[in-house]
**Student:** 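Quick one: structure below, then a few questions.
Treat the numbers as computed from the prediction; the structure is a model and nothing was measured. Each chain gets a letter, A, B and so on, in the order the sequences are listed, and its residues count up from 1.
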2 protein chains.
Amino acid sequence: MSNQELVVLGRTDESATCCPGLLTAPLDGDQAVELAKVFKALGDPVRLRLLSMIASRAGGEVCVCDLTPAFDLSQPTISHHLKLLRQAGLIDCERRGTWVYYWLVPETTDRLASILTRPTGEPLPDRTAPAGAAS
Amino acid sequence: MSNQELVVLGRTDESATCCPGLLTAPLDGDQAVELAKVFKALGDPVRLRLLSMIASRAGGEVCVCDLTPAFDLSQPTISHHLKLLRQAGLIDCERRGTWVYYWLVPETTDRLASILTRPTGEPLPDRTAPAGAAS
DNA sequence: CCTCTATGTTGACATCCTTCGATGCAGCGC
DNA sequence: GCGCTGCATCGAAGGATGTCAACATAGAGG
């Protein structure tokens, strides 16, 4: 149950971790498809709230029974959203006795953050001087 | 044409910029809805590629006529995706003569990156000692 | 004014997504 | 074994989304 995330976001070596692009290189089709899956998982208010509830939990874990009552949604719906977050590699879970506990996979959010971070100090090109206007 | 982004992601003061949460606090419903709009805009491979093409462009700007031929999609479809990216506040555009130029709004991606960044050094809770097991 | 090119807009259609009720499965307690 | 609770899965319904062809709009250039 704990080993079926997508593990998208490309490889796990450091070169990809530090400056993979999106803001620096044109991102080929396959990379875009994989990345889109993760962002799509974040593109729902319920899943964002679930993720934040899980990530901000003191002990690092949350029982499903603590998540469900926070929403005006049925239990199967919450379960479905948790599944999508898990398939995106954003969270993972484990059953312990009667309950199932979820926790954040910080590697995934870390990678997303680095993907969205520009190479420091890029000097915001002067927009008063048209750049590609020549055709 | 250049002034209708959503300006989501909450306010623009620094307190929200440095540690808004998602990974630190449970994120209320309204915040989640606004944030989800931006992530949803990123949740499509075509839009991700468009964004990366725009963001990685040397001069900081790209003409639509340079974007459209890079996809096996009709021009209206590209135009539609660009509109969604613009409404999410991720890019902005301006018409100059016959052509329309798009550029990245780095404040938005910066904010997303900070939202996805954990407060440095959070010690990855020891998962061998169950935390919220009591119910 | 007319035409041509570059983009945006509209309406339609197929597909995907969110949600639910119903059901199934896994542990716990008797 | 039996029933109970917690959670996942299934199948269906309604709404949202991606895509296109057709059309509208804005400048450039005669």
**Student:** Measure from the side-chain heavy atoms of A:Val46 and tell me the nearest of D:dC7, D:dA8, C:dT19.
**Tutor:**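 Nearest listed nucleotide: C:dT19.
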
**Student:** B:Tyr102 side chain N/O closer than 4.0 Å to the phosphate oxygens (OP1, OP2) of C:dG8?
**Tutor:**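 So the side chain of B:Tyr102 is within the cut-off, an N or O lying under 4.0 Å from OP1 or OP2 of C:dG8.
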
**Student:** Give A:Leu67 one of three labels, base, sugar-phosphate or nothing, depending on what nucleic acid heavy atoms sit under 4.0 Å from its own.
**Tutor:**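 Counting heavy atoms under 4.0 Å across all strands, no contact is made by A:Leu67.
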
**Student:** Starting the side chain at C-beta, find the nucleotide from D:dT19, D:dA28, D:dA22 nearest to B:Thr98.
**Tutor:**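 Of D:dT19, D:dA28, D:dA22, D:dA28 is nearest to the side chain of B:Thr98.
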
**Student:** Between C:dC17, D:dC7, C:dC20, which nucleotide has the shortest distance from any of its atoms to the side chain of A:Pro76?
**Tutor:**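 Out of C:dC17, D:dC7, C:dC20, the nucleotide with an atom closest to A:Pro76's side chain is C:dC20.
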
**Student:** Taking 4.0 Å as the cut-off, does a side-chain nitrogen or oxygen of A:Thr77 come that near to OP1 or OP2 on C:dT19?
**Tutor:**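 For C:dT19, neither OP1 nor OP2 has a side-chain N or O of A:Thr77 closer than 4.0 Å.
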
**Student:** What's the separation between atom NE2 in B:His80 and atom CZ in B:Arg47, rounded to the nearest 0.5 Å?
**Tutor:**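 Rounded to the nearest 0.5 Å, the NE2-CZ separation comes to 7.0 Å.
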
**Student:** Would you indicate, yes or no, if D:dT17 has its OP1 or OP2 atom less than 4.0 angstrom from a side-chain nitrogen or oxygen of B:Lys40?
**Tutor:**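 It does, given that an N or O in the side chain of B:Lys40 lies less than 4.0 Å from OP1 or OP2 of D:dT17.
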
**Student:** Between C:dG8, C:dT7, C:dT9, which nucleotide has the shortest distance from any of its atoms to the side chain of B:Lys83?
**Tutor:**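 Side chain of B:Lys83 sits closest to C:dT9.
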
**Student:** Rounded to the Å, how far apart are A:Leu42 CG and C:dC17 P?
**Tutor:**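 Checked: the CG to P distance equals 15 Å.
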
**Student:** Would you say B:His81 places a side-chain N or O within less than 4.0 Å of OP1 or OP2 belonging to D:dT17?
**Tutor:**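 Negative; the distance criterion is not met.
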
**Student:** Note down the inter-axis angle between the two ends of the helix from C:dC1-D:dG30 to C:dC30-D:dG1, five pairs each, to the nearest 10°.
**Tutor:**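 For the helix from C:dC1-D:dG30 to C:dC30-D:dG1, the axes at opposite ends meet at about 20°.
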
**Student:** Measure the distance from CG on A:Asp72 to P on C:dC20 and round it to the nearest whole Å.
**Tutor:**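 My rounded result for the distance is 9 Å.
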
**Student:** For a side-chain contact (heavy atoms from CB on, under 4.5 Å) with B:Leu90, tell me which candidate from B:Ile54, B:Leu85, B:Leu84 qualifies.
**Tutor:**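 Answer to the side-chain contact (heavy atoms from CB on, under 4.5 Å) test with B:Leu90 among B:Ile54, B:Leu85, B:Leu84: B:Leu85.
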
**Student:** Where the side chain of A:Ser56 meets the backbone of A:Ser52, is there a donor-acceptor pair that is under 3.5 Å apart?
**Tutor:**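 Yes, the answer is positive, given that a donor and an acceptor are paired below the 3.5 Å cut-off.
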
**Student:** Whole Å only: how far is the NE2 atom of A:His80 from the P atom of C:dG21?
**Tutor:**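 Distance check: A:His80 NE2 to C:dG21 P gives 16 Å.
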
**Student:** Which one, C:dT18, C:dA26, D:dG18, comes nearest to the side chain of A:Arg47?
**Tutor:**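 Selected nucleotide (nearest to the side chain): C:dT18.
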
**Student:** C:dG8, D:dG18, D:dG6: which one has an atom nearest the side-chain heavy atoms of A:Trp99?
**Tutor:**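 It is D:dG6.
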
**Student:** Check if the side chain of B:Gln75 and the base of C:dG8 share a donor-acceptor pair of N or O atoms closer than 3.5 Å.
**Tutor:**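 Under the 3.5 Å cut-off, the side chain and the base do form a donor-acceptor pair.
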
**Student:** Do B:His81 and B:Phe71 have side chains that get closer than 4.5 Å, going by heavy atoms?
**Tutor:**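 The answer is no, as the side chains (C-beta and beyond) never meet within the 4.5 Å cut-off.
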
**Student:** If I take atom CG in residue B:Leu84 and atom C1' in nucleotide D:dG18, what distance separates them, rounded to the nearest angstrom?
**Tutor:**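 Those two atoms, CG and C1', are 10 Å apart.
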
**Student:** From CD of A:Glu94 over to C1' of D:dA8, roughly how many Å is that when rounded to an integer?
**Tutor:**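 Roughly 17 Å, once rounded to whole Å.
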
**Student:** Cation-pi between B:Arg96 and B:Tyr101: NZ/CZ under 6.0 Å from ring centre and within 45° of the ring axis?
**Tutor:**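 Yes, B:Arg96 sits over the ring of B:Tyr101.
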
**Student:** To the nearest Å, how far apart are B:Leu82 CG and C:dT9 P?
**Tutor:**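 Checked: the CG to P distance equals 11 Å.
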
**Student:** Which nucleotide, C:dG8, C:dT7, C:dA26, lies nearest any side-chain atom of A:Arg95?
**Tutor:**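 Selected nucleotide (nearest to the side chain): C:dA26.
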
**Student:** As an exercise, state the distance from CD of A:Glu34 to CG of B:Leu48, rounded to the nearest 0.5 Å.
**Tutor:**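 One finds 11.5 Å between CD of A:Glu34 and CG of B:Leu48.
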
**Student:** Round to a whole Å and report the spacing from CG of B:Leu50 to C1' of C:dG8.
**Tutor:**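 Rounding to the nearest Å, CG of B:Leu50 and C1' of C:dG8 are 15 Å apart.
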
**Student:** Report yes if some heavy atom in the side chain of B:Leu35 is under 4.5 Å from a heavy atom in the side chain of B:Leu112; otherwise report no.
**Tutor:**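 Yes, side chains in contact.
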
**Student:** Could you tell me whether B:Leu73 contacts a base, only the sugar-phosphate backbone, or nothing, with contacts defined as non-hydrogen atoms closer than 4.0 Å?
**Tutor:**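 Sugar-phosphate contact only.
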
**Student:** Round to the nearest Å and state the distance from A:Phe71 atom CZ to C:dT18 atom C1'.
**Tutor:**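 Atom CZ in A:Phe71 sits about 14 Å away from atom C1' in C:dT18.
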
**Student:** Could you measure the distance from the OG1 atom of B:Thr117 to the CG atom of B:Leu23? Nearest 0.5 Å is fine.
**Tutor:**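 It comes to 8.0 Å.
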
**Student:** Which part of the nucleic acid does A:Ile78 contact within heavy-atom distance under 4.0 Å: base, sugar-phosphate only, or nothing?
**Tutor:**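 Result for A:Ile78 = nothing.
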
